[in-house]
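This report refers to the structure that appears directly beneath it.
Computation of the quantities below employed the complete heavy-atom set of this structure, encompassing side-chain atoms and omitting hydrogens, waters and symmetry-equivalent molecules. Residue numbering restarts at 1 for every chain, and letters A, B, ... go by the order of the sequence lines.
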Amino acid sequence: MESLFSKWKTKIPSYSEVHKELFNSLSSKYGSEGEKKLSLGKHFSTNYELYLYAFYLGLYNDEFVPITKQEKKTNFSYEIMNWGSKSTSLRKDFTTIQEHVFIATFAKCNVDVLELDKGNVKEDDIVRELIYTLESYTNGGLILIREELETNPNYFFQPSSFLQKLLKCKAASSKKSSIGGLTVD
Amino acid sequence: MIIEKVILENYLCYYGKKIIELSNGLNIILGENGEGKTKFYEAIEWLFQGNNQNLAVLVSKKAIHEHQVGEEFKVSVSVAFKLGSEKYIISKSFLNKKLKDGSIEPYNYSVEGIEESSNGERSQVDGKVLLDQIFPVQIRRYSMFKGESELDIFNNDDALINLINHFSDAKYFDKYAIRSTYLREQSDRAVESSVKLDKKNIQVYKGLEEEISALERKRHGLVTLTNLNEAEIQRLEQSIQEASKYVQNASDLEIYNKRIKKLEDEIARLMSLIDEGYTTKLFDENWINIYFEQYLSEYSKKVSLLSSKRRKEQSDYDTEIGIRLGEKKAKADLLNNAIPLPINVPSKLHMEEMLKDEICKVCNRDAKKGSEAYEFMYSRLKEYIDSQLTTDPSDEMQAQSLFHFDYTSKLVQLSSSHEDNLKTVRNVKEEMRDLFEFNDQRKNEILDLQQKLEAEIENRNNILGNSKLAADKLSDVLLNYTSWQNELKSCNTDHLNNINQLKNLDSELKSKKEEKNKIDLKSAKSFLLKTRDILTDIAKIFHDTKELKFEEFIQGLEKKANIFFKKINVNSFTGKIVITRKQYGNKNALTINLYEDDKPFFTPNQALETSKHIAVLFAISEIASEAHEELYPMIFDAPISSFGENKAGEFLNLIYETQNQKILLIKDFIINDKKTDKLTVKKEFDKVKRHKAFMISLKRPFDSESLKTIDSQFISL
């Protein structure tokens with residue numbers, strides 16, 4: 001195959017069980033949309049949407065927090081290659097996000113691909129390293145969400161809260177940018 | 001026919017024998033509440049319609065008290081009628097025996113009739129048969145009314161049918177209409193059977209029959225639906241009118257309602273435009289990649305370095321191998337021994353194109369055939385083509401290759417494809433800004449409209465507030481007012497749709513029937529067709545005539561009712577009574593409404609409502625008299641309690657003008673002196689025209705706690 005991306009996307013990344021409650025409360029398991037989703041108090045249609053959000057939040061804030069050995073890992077049994085693969089009257093397909101996540105993860109991950117090309121390192125080892133990076137940023141993001149909720153349980157009540165949280169990240173750089181009614185530092 | 005005399009004996013509050021002699025024309029019986037008016041009415045009702053159940057409760061308590069144990073006494077109600085020169089008496093009675101425990105035992109219940117001829121000869125007959133002969137039950141139905149609520153006789157579904165059956169000529173056509181319809185159906189069937197003999201027709205004919213019957217069923221359902229919808233529209237209009245009547249300035253209210261509706265619609269439209277699915281857009285619109293560029297750049301640098309390093313290592317390795325093995329393969333070396341670009345850059349297609357055009361399109365210089373540049377490109381392309389060929393495993397170069405896999409190039413490919421698509425990521429900020437601005441603008445507009453809406457609602461509430469309603473009822477009105485109007489709008493739309501659908505159905509039915517008829521004309525025997533045509537015409541004539549008679553009857557009733565109505569309502573309401581016939585499925589129903597300026601007037605006060613009912617009743621009574629060529633008495637208990645004395649006086653003077661005997665029991669014109677507990681008749685009553693008047697009052701003194709002291713009596717005025 002000789003493609004790390006192709007191999008990487010067959011994996012199911014994990015998260016620490018301490019965040020299980022976040023998934024229960026913020027995402028809707030069966031992909032309900034529109035009013036039903038909101039009436040359930042859910043912002044994300046699926047678990048992997050929350051997972052992706054947490055990854056980006058961790059990444060943009062440079063929160064690389066590996067799951068400790070003491071923490072039990074869990075996942076939602078859904079390979080990365082299926083993430084975003086739906087196109088209904090209400091939603092669009094966003095499978096290209098898989099590539100974006102891979103690119104960002106690879107950028108942040110120290111793996112020796114030349115050694116892989118030479119056959120000195122196994123493909124699985126490199127992929128494991130990439131998944132570890134993905135999980136660590138996601139863990140960092142989940143911690144940020146949890147902290148926000150602990151300080152202010154109503155924080156995510158507004159429809160724009162998750163977006164706002166993302167726009168207030170470190171990656172937004174020191175330049176001030178204003179988007180709509182939001183001022184982002 | 002008139003009632004000459006009513007004789008009551010030991011009947012409820014009437015102890016002993018009470019005789020009241022009535023006159024033709026208007027008889028007014030005045031009485032305060034609780035003095036015995038209604039009991040008098042009920043006594044006559046018992047005579048006409050009652051039976052022998054619960055007789056003991058009809059016995060005067062005073063009579064029981066006054067009689068000794070073992071003594072017998074009679075309870076009876078008798079009415080003496082005069083019909084031309086003949087006289088008739090109908091009596092209902094029973095005997096009572098007082099028992100030791102003070103109770104009584106009724107027995108010997110009987111209904112007797114006495115006919116008295118002009119020469120004074122008397123003969124006894126069956127009382128019940130006699131009553132039905134001289135005062136038919138269908139006329140009695142429209143002759144006796146207790147209270148104002150009973151005046152609305154069309155409240156009951158059968159009332160109309162009874163009325164038509166007894167008084168309209170339509171009833172004569174009923175049996176002919178049914179019979180002729182049956183014959184027409186038979187002839188239809190005969191034609192159909194004859195057509196079906198021709199086998200070619202069966203299929204088409206059956207199909208048409210099924211279609212026609214399905215259309216007819218659909219039509220029937222639609223007609224019922226339309227009628228129900230019309231009734232609903234009427235109900236809603238009535239509710240709105242009722243609510244509006246509490247409002248002082250109804251036209252202003254309508255203006256505010258229109259404005260409020262417009263504002264609400266606009267707010268709803270703007271709300272639907274606002275899209276706040278920001279979290280969803282993070283994914284679907286790629287917003288989550290807003291800061292992706294810096295990571296892509298990091299990635300690109302990384303893989304580019306990797307690629308370069310890989311090529312360098314490969315080049316070094318190749319050089320080393322080359323030295324070791326001698327120049328086995330010609331290589332295109334770069335100036336200053338630089339690291340070559342990946343072997344597939346530029347692509348095979350681009351290289352071929354450049355060689356063909358003899359130009360290096362990377363550095364934009366000539367590369368004429370035979371030149372150094374041309375040779376360089378040519379050898380690079382050859383190198384690439386060779387790299388794609390299956391190599392001999394024994395090839396020493398391959399066996400000692402530095403890299404066994406090429407993960408790097410896939411990583412490089414991913415980088416370039418995303419570099420090309422950076423535009424979409426860069427647009428995210430713009431898209432976000434646009435959406436936020438759009439939503440903010442809409443929100444501001446909504447805020448503005450909401451302020452306007454609040455002001456309009458406030459204005460409307462002020463109008464509604466200036467109403468005669470109590471606060472709790474007012475809130476009901478406020479609550480329902482808007483919903484009624486919305487419902488009305490949707491009902492009106494439905495109605496229009498139904499009417500259009502009906503039109504379409506009718507034209508479809510017509511064309512299907514014509515189609516079927518064509519087959520009939522071609523295939524059926526001519527005598528059968530002729531017979532069918534004749535029978536169809538006959539059925540139509542009977543049916544139309546019946547309908548016509550029905551309509552005539554309703555029109556006649558309406559006309560008569562309006563004559564009375566105008567008299568009763570002199571100088572007040574200027575509208576008229578409109579009687580409409582509605583069909584629900586196979587059932588006919590009549591609705592009686594008041595119209596003013598050609599619009600239904602749904603909110604009459606009780607007096608107006610009573611006037612309407614009385615006018616219709618008088619009209620029916622007149623129709624009954626005409627049908628039987630006889631005038632019949634009418635008895636009303638408290639029919640005009642909502643009128644007030646002035647209007648009651650006017651009303652009675654009008655009744656005085658009508659022809660048949662009327663017995664009215666009313667509570668007006670009485671003064672009760674609370675100190676002396678004495679009842680007297682007001683002077684105003686002197687001005688009321690009547691043929692005879694009485695006052696019913698309890699014999700004073702009496703103990704209101706003890707029924708055995710109660711005895712009502714008639715005082716002739």
Side-chain angles (χ1 to χ4, degrees), chain A residues 1-6 33-34 37 43-45 49 52-53 55-57 59-60 83-84 90-94 96-97 99-100 102-109 112-114 116-120 123 126 156 158-164 166-167 169-173 177-182, chain B residues 274-303 305-307 309-310 313-314 401-411 413-415 417-418 421 424-425 428-440 443:
Chain A
M1 194 190 292
E2 295 184 35
S3 162
L4 283 173
F5 173 67
S6 303
E33 280 305 335
K37 181 168 85 178
H43 291 264
F44 299 94
S45 303
E49 277 183 17
L52 283 167
Y53 177 82
F55 166 73
Y56 276 95
L57 190 65
L59 177 76
Y60 289 169
W83 294 7
L90 291 165
R91 294 298 301 266
K92 289 184 186 168
D93 180 284
F94 57 93
T96 50
I97 205 170
E99 291 180 9
H100 292 108
F102 176 81
I103 288 170
T105 311
F106 188 86
K108 290 289 171 193
C109 185
D112 196 339
V113 179
L114 292 187
L116 177 66
D117 278 350
K118 285 175 189 162
N120 298 334
E123 187 188 53
I126 305 279
F156 291 111
Q158 289 295 322
S160 62
S161 314
F162 281 98
L163 173 64
Q164 240 166 339
L166 199 75
L167 294 178
C169 66
K170 283 182 194 162
S173 85
S177 64
S178 170
I179 293 170
L182 304 168
Chain B
I274 292 178
D275 179 2
E276 292 204 293
Y278 302 117
T279 311
T280 303
K281 284 188 192 298
L282 285 175
F283 305 100
D284 291 14
E285 304 301 336
N286 210 11
W287 285 9
I288 203 160
N289 281 308
I290 181 166
Y291 306 120
F292 175 71
E293 196 172 345
Q294 64 197 68
Y295 301 94
L296 177 63
S297 152
E298 216 174 307
Y299 173 88
S300 300
K301 269 184 208 153
K302 205 170 182 176
V303 294
L305 203 68
L306 207 59
S307 165
K309 202 175 161 197
R310 190 182 194 274
E313 283 187 22
Q314 182 66 56
S401 171
L402 179 62
F403 297 106
H404 303 292
F405 310 104
D406 193 5
Y407 285 96
T408 309
S409 70
K410 284 279 194 289
L411 293 170
Q413 271 174 24
L414 197 59
S415 163
S417 76
H418 278 272
N421 289 326
T424 53
V425 179
V428 165
K429 275 188 189 172
E430 192 104 358
E431 277 176 30
M432 268 187 205
R433 187 173 288 121
D434 286 351
L435 185 67
F436 270 96
E437 273 171 14
F438 178 84
N439 284 346
D440 282 348
K443 281 179 190 170

Heavy-atom distance under 4.5 Å between the side chains of [X] and [Y], does that happen here?
| X | Y | value |
| --- | --- | --- |
| A:Ile103 | B:Tyr295 | no |
| B:Tyr291 | A:Leu59 | no |
| B:Phe405 | A:Leu116 | no |
| B:Thr280 | A:Phe162 | no |

ask   = Under 3.5 Å, side chain of A:Asp117 to main-chain N/O of B:Phe403, donor-acceptor pair present?
value = no
key: Part of A:Tyr60 within contact of chain B (heavy atom distance under 4.5 Å)   = both
task = Side chain from CB out, backbone as N, CA, C, O: work out which of these in A:Leu52 comes under 4.5 Å of a heavy atom of chain B, or both, or neither.
result = both
inquiry  = Below 4.5 Å, heavy-atom pairs only: which of B:Leu435, B:Leu282, B:Leu306 has the largest tally toward chain A?
reply    = B:Leu306
task = Among the options B:Glu430, B:Lys281, B:Glu285, B:Gln413, pick out the one with the most heavy-atom pairs lying under 4.5 Å from chain A.
result = B:Glu285
First locate atom [atom1] of [X], then atom [atom2] of [Y], and finally report the distance between them rounded to the nearest 0.5 Å.
| X | Y | atom1 | atom2 | answer |
| --- | --- | --- | --- | --- |
| B:Asn286 | A:His100 | CG | NE2 | 5.0 Å |
| B:Asn439 | A:Ser160 | CG | OG | 10.0 Å |
| A:Phe44 | B:Thr279 | CZ | OG1 | 5.5 Å |
| A:Ile126 | B:Tyr407 | CD1 | OH | 9.0 Å |
| B:Leu402 | A:Leu114 | CG | CG | 8.5 Å |
| B:Asn289 | A:Thr96 | CG | OG1 | 7.5 Å |

Nearest atoms (heavy-atom pairs only) where A:Ala107 meets B:Glu298 = O-OE2, 3.4 Å
key: NZ or CZ of B:Lys302 within 45° of A:Phe106 ring axis and under 6.0 Å   = yes
message = Side chains of B:Tyr278 and A:Gln164: any donor to acceptor distance under 3.5 Å?
response = no
